[in-house]
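Chain letters run A, B, ... following the sequence lines, proteins first, then strands; residues in each count from 1. Values reported hereafter were calculated over all heavy atoms of this structure, with side chains retained and with hydrogens, waters and symmetry mates removed.
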Amino acid sequence: MAKITFITSDNEKVTLEGASGSVMQLAVNNGVSGIDGDCGGVCSCATCHVFVAEKDLEKVGDASEIETDMLELADEANEFSRLCCQIEISEAIDGIELTVAK
Amino acid sequence: MMDKSKLSDPFEKARVEKGYGHMDDQNDPVTILLRHKDVRKTAHNWKTFQSGGEEVGRIVIPSEVKIRDTRQIPFEVDPPLHKEFRSLLDGWFKRPNEPAYQEKLHKQISALVDEVLNKDEVEVVRDFSLKLQSRALTLLLNTPFSESETWISWGTHVFRSEGESLDADKANILYNYIDERIIEAAKNPGEDLYSVLLGSEVNGKKLTHEEVKGIMILTFAGGRDTVINALTNSIAYFSEHPKSLHAIKENPEMINNAVEELIRYFAPLTHMGRVVTEDTQVCEHAIKADTRVSLCWASANRDAAVFENPNEVDFDRKMNPHVSFGFGTHNCLGATHARQIMRTLLGILAEKVASMDIINTDENIEELGEFDRKVGYNAITVKFNKY
Ligand code: HEM
Ligand code: FES
């Protein structure tokens, strides 16, 4: 199990627990506002954009080239940006904090 | 032969060798941008590649400058005003994510599939896709189901007459219909999209009749041929690939990725134009101010720099950054609805239809200057077989 905290644009903090699947799916299933996951996680919509807390960057790991290219043109993207449909839930990311971009 | 459902890629050679193509359109030529990277970058750069210029209808190809005065919103509006309109519309167009909406959509599509399963042969464009699209649109607009009968009676050629030529008279059927509906909603406000828009403000000002009309025209026009092509091409594809349908029956969780992959492969909207506001360059090709470029979604989706085996339909693609719904600022407002229609259809077909046989086809080939692209069918007759 991994605990993941989302900070939404109205500054609300939601902590959810998941065992598998993508972080986007966990957020959508629990109605985290600002994460729509329109394309269902195939990296084509960027409606799952989050900023990873600096302390967690290493835990989360690097984005693939396809994801990086997508982020390069996403609104308000910066060096902390990820598309959270591309982050798999596992013990390794327990405790991470993600700020929802939208 | 398993090739009636195939959509080949006419852009490959030009995309690899030059990165762009050329077409003439009513003395306002278009540079067609073909590479995935260029298409996305250009869509992103709305300042240099404009949608909302003076000349209404110019970003559509073939150009509608001569046949239309009403500005389509938010399609022909640039930021920052564009964002105001999108903020107003986004919530309404996300309703297809709600369970109640999905249930109604499921009922509609299920009933239609039962209907075609009980027929001998079906002309899919007219008697399946157009019906499905029109009925589903009543959910998106929140209008009575019976309205779909009017829309179905218009046939598939409301916006283009046979032969792709522009036809103002046909477009007027739709424009007059929308005028009437807006006037009616102003008199008797209900809970449909017309009424909601009439009651809304953008930048502190009530939407005018003309603005509501611009939104509604786009909702009808943008969601008609595109959805019809996606549906018809799906029927053709599964007719020739029954194993894929059986695989979905076994593993319904693959529906999402299957839909994205079909939509990548079909690219139901081939390309869309922009007006260039300053002298610039794309892929080392000089482009002059006040000319047009187009963003060729269909070509970008087959770019081997991004997609492995781009001409194969592969439901196992994990990453699929297709641009069938556009990219950036003007990305498709109807995508949630379109995706929900496709996901629902695939589930129901897998559950109810054992196989489908294509009897005959009349392909719809678009002529884009040096390229001819099959985008779907004018007509395709299919026999649906029950379990
Ligand atoms: C499979 C079906 C569909 C496809 C492939 C499709 C494709 C597209 C594409 C490529 C764009 C971008 C145009 C541009 O960048 O200039 C777009 C925009 C748009 N589409 Fe769709 N579309 C589909 C269904 C729909 C539906 C069902 C509706 C509404 C009923 C709709 C309404 C719109 C609107 C309003 C825009 C303009 C958004 C804006 O300018 O902000 N589309 N669509
Ligand atoms: S859900 Fe579409 S890119 Fe992540």
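With a 4.5 angstrom heavy-atom cutoff, B:His322 touches chain A via backbone and side-chain atoms both. Using a 4.5 Å cut-off between heavy atoms, A:Asp36 touches chain B through its side chain atoms alone. With a 4.5 Å cut-off on non-hydrogen atoms, B:Arg264 does not touch chain A at all. With a 4.5 Å cut-off on non-hydrogen atoms, A:Gln86 touches chain B through its side chain but not through its backbone.
B:Glu12 has no carboxylate O lying under 4.0 Å from a charged side-chain N of B:Arg15, or vice versa, which leaves the two without a salt bridge. Ion pair B:Lys94/A:Asp38 flagged as a salt bridge, since at least one NZ, NE, NH1 or NH2 atom sits closer than 4.0 Å to an Asp/Glu carboxylate oxygen. Ion pairing between a basic and an acidic side chain is recognised when a charged N comes within 4.0 Å of a carboxylate O; B:Arg317 and B:Glu308 show no such pairing.
Of the listed residues (B:Asn320, B:Val259, B:Ile263), the one with the most heavy-atom contacts under 4.5 Å to chain A is B:Asn320.
When all heavy atoms of B:Gly52 and B:Asp78 are compared, the closest pair comes out as N-OD2, 3.0 Å.
For the pair B:Arg40 and B:Phe327, the cation sits on the ring face: its NZ or CZ lies under 6.0 Å from the ring centre, inside 45° of the axis.
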